[in-house]
Amino acid sequence: MCGIVGYLGEKNSKEILLGGLKELEYRGYDSAGIAVLQDGQFDSFKAIGKLVNLEEKTKDFVTDKFSIGIGHTRWATHGKPTELNAHPHLGSESYVVHNGIIENYAELKKELIAEGVTFLSQTDTEVIVHQFEKNLKTANSAFDAFKTTISQLEGAYATLLVTKGEEETIFFAKHGSPMLVGINAENEKYFASSDTPLIGHCSDVNYFEDGDFGYVTPDELAIFDVTGVKKEPVFQKLSTNKLSAQKDGFRFFMEKEIYEQSTVIADTLIGRLCDAEVLFDELDPTLFDGINEIKLCACGTSYHSALTATYLFERHAKVKTSIEVASEFRYRDPIMTKDTLFVVISQSGETADTLETLKMAKAAGLKTLVICNVDNSSMVRLADACILTRAGVEKGVASTKAFATQVTVFWMMSLYLAGLKKALPQEEIARQIALLREVPASVKVEDEMHEKIKRLSKRYLHGHGFFFIGRDVFYPLALEGALKLKEISYLHAEGYPSGEMKHGPIALADPELFTIALLPQHLLYEKAKSNVEELSARDSTICAISSIAFDKADDFIPINECKDYMLEFFEMMVVLQVLSLEISVRLGNDVDMPRNLAKSVTVE
Ligand code: M6R
């Protein structure tokens, strides 16, 4: 996830910018850069990889008088993580940093290229600085040029721009991506995309609202609203607790990560969807030449997302797909044939068992692909090809947004393969792509839903166990719901295919057995419903999750009416995550660091 910092003042701006970027490191990034204007002279540095690389590059650079500076950590979306694609981006005499996405960048870029502008990067961001310099040629002032530029951008952004002609000014604009400005008694101004870089430097901060834009100088903070009317800043005292600032006001990282899912799924989709085609620039389509089977291998939550993929790949792409738990696969002398594409799935890219299976597949000469959240991780380095899930850093041990982005990638990949193999009609691919675009909205946590689950959670703190049940892709979701609950509540929970109840598990049914039933309207509703009725008849306590009211349930958590079962999947996923969270909170457990568990399991 990208991060922005900015500074205006007399202190050592290099140290302040690098220090600010360090505070944003936890969000994840793959390159970083700064630009400083001092004594009418710009200095700019960029480096790929960790901030130490940027620190090394700037070690002889001194800032010891008044200066203005901007900095950025970049999580690659448009274009690979290279120095050229790292921010700040340069025009002729101006630099820009930006978070978010400029949706009309291709259009603007085409016009600028036709007018003779040369682009150095593959990013959407670079259009901002060139558009600004184009406008500057005819504008009355740099601010007018900036204002015009902002009005020409479509999409979501938080951006800072500095230009040589205005040595004491930083221009800013915010629309859809977070940004704040901080002040102090020393007349300094600080910008950042979240609180943490400002802690210890600023006494008061103003959080920009969507549509806000303006500029700062040593003596002025000028903010204009979306209609261009000047407004007063609304200052708030800044918290002094860095950890709580990193949580953006949420009680736990897990909660923050649940709420972040809408944004990170949007990031996962960026640049990968056309009207009737899914694009994975990172994949060479020849990877699938000669492939008759896909074998998925993973652990824990990643295994559950992969299990979802087995349904989607066979249904959409008509490719034979199988799945293995990595810790089993590695010791069972599996038969590996070269017409199999071996796919490992891992949030961290470091899980020992999964990594070992990847090594086995490579040794057997299979083509390999990794679906991963961490660039440069061991699996990413080893596999032949890689799709990054772009969930940003996940801190809660109980995985949430990593799962959500993995399923999103698998859904996209099933359509990509369906296109490649002509296994689905174009119209069906286009229909599902339109649905994919709705996922960010469907995972938004609604206050009403969260409140309801908070209240309901008090009824689920005891009992002798939980069954989570679902059919088809809702079976892996049931497994994932049960795993989430076990991990952070320490209550016994199992996931089952709904149809399996009568083959044994139903023997446990009594009022102290809690059944969390997933009842999607658009997939096998009647079948799943009768399985739940069987449990209800045996007096199991039922909590049904559905868009259709269900009178045999003791409790009912409604989801929004959806157009398709995959959107119901994402809505229910959020309900299950919030339910586990609230049960764990009531039990007084450490939500982010549950007992006996580690975030990255690098031992077998
Ligand atoms: O990093 P990975 O996705 O390879 O990790 C696999 C499992 O260890 C992980 O999903 C684990 O099950 C989580 N704690 C689930 O919340």
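Read the numbers this way: they start at 1 and go in the same order the structure lists the ligands and their atoms.
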Which residues share a salt bridge (charged side-chain N to carboxylate O under 4.0 Å, His left out) with Glu512, sequence neighbours left out: none
Check the surroundings of atom NZ in Lys362: do more than 12 heavy atoms from other residues, nucleotides or ligands lie under 6.0 Å from it? yes
Look at the rings of Phe514 and Tyr460 and say which category their plane angle falls in: under 30° parallel, 30 to 60° tilted, over 60° perpendicular. perpendicular
Could you list each N/O atom of ligand 1 together with any protein N/O atom closer than 3.5 Å, one pair per line with the distance?
{"unit_1": "ligand 1", "atom_1": "1 (O)", "unit_2": "Ser346", "atom_2": "OG", "d": "3.4"}
{"unit_1": "ligand 1", "atom_1": "1 (O)", "unit_2": "Gln347", "atom_2": "N", "d": "3.4"}
{"unit_1": "ligand 1", "atom_1": "1 (O)", "unit_2": "Ser348", "atom_2": "N", "d": "2.9"}
{"unit_1": "ligand 1", "atom_1": "1 (O)", "unit_2": "Ser348", "atom_2": "OG", "d": "2.7"}
{"unit_1": "ligand 1", "atom_1": "1 (O)", "unit_2": "Thr351", "atom_2": "OG1", "d": "3.3"}
{"unit_1": "ligand 1", "atom_1": "3 (O)", "unit_2": "Ser302", "atom_2": "OG", "d": "2.6"}
{"unit_1": "ligand 1", "atom_1": "3 (O)", "unit_2": "Gln347", "atom_2": "N", "d": "2.6"}
{"unit_1": "ligand 1", "atom_1": "4 (O)", "unit_2": "Ser346", "atom_2": "OG", "d": "2.6"}
{"unit_1": "ligand 1", "atom_1": "4 (O)", "unit_2": "Thr351", "atom_2": "OG1", "d": "2.4"}
{"unit_1": "ligand 1", "atom_1": "5 (O)", "unit_2": "Thr351", "atom_2": "OG1", "d": "3.4"}
{"unit_1": "ligand 1", "atom_1": "10 (O)", "unit_2": "Thr301", "atom_2": "N", "d": "3.0"}
{"unit_1": "ligand 1", "atom_1": "12 (O)", "unit_2": "Thr301", "atom_2": "N", "d": "3.4"}
{"unit_1": "ligand 1", "atom_1": "14 (N)", "unit_2": "Val397", "atom_2": "O", "d": "3.1"}
{"unit_1": "ligand 1", "atom_1": "14 (N)", "unit_2": "Glu487", "atom_2": "OE2", "d": "2.6"}
{"unit_1": "ligand 1", "atom_1": "16 (O)", "unit_2": "Thr301", "atom_2": "OG1", "d": "3.3"}
{"unit_1": "ligand 1", "atom_1": "16 (O)", "unit_2": "Ser399", "atom_2": "N", "d": "2.8"}
{"unit_1": "ligand 1", "atom_1": "16 (O)", "unit_2": "Lys484", "atom_2": "NZ", "d": "3.0"}
{"unit_1": "ligand 1", "atom_1": "16 (O)", "unit_2": "Glu487", "atom_2": "OE1", "d": "2.7"}
{"unit_1": "ligand 1", "atom_1": "16 (O)", "unit_2": "Glu487", "atom_2": "OE2", "d": "3.1"}

Residues two or more places apart in sequence or in another chain: which of them pass salt bridge (charged side-chain N to carboxylate O under 4.0 Å, His left out) with Glu494? Lys486
Asp510: what forms a salt bridge (charged side-chain N to carboxylate O under 4.0 Å, His left out) with it, not counting sequence neighbours? none
Parallel, tilted or perpendicular: which describes the rings of Phe250 and Tyr259, with under 30° parallel and over 60° perpendicular? tilted
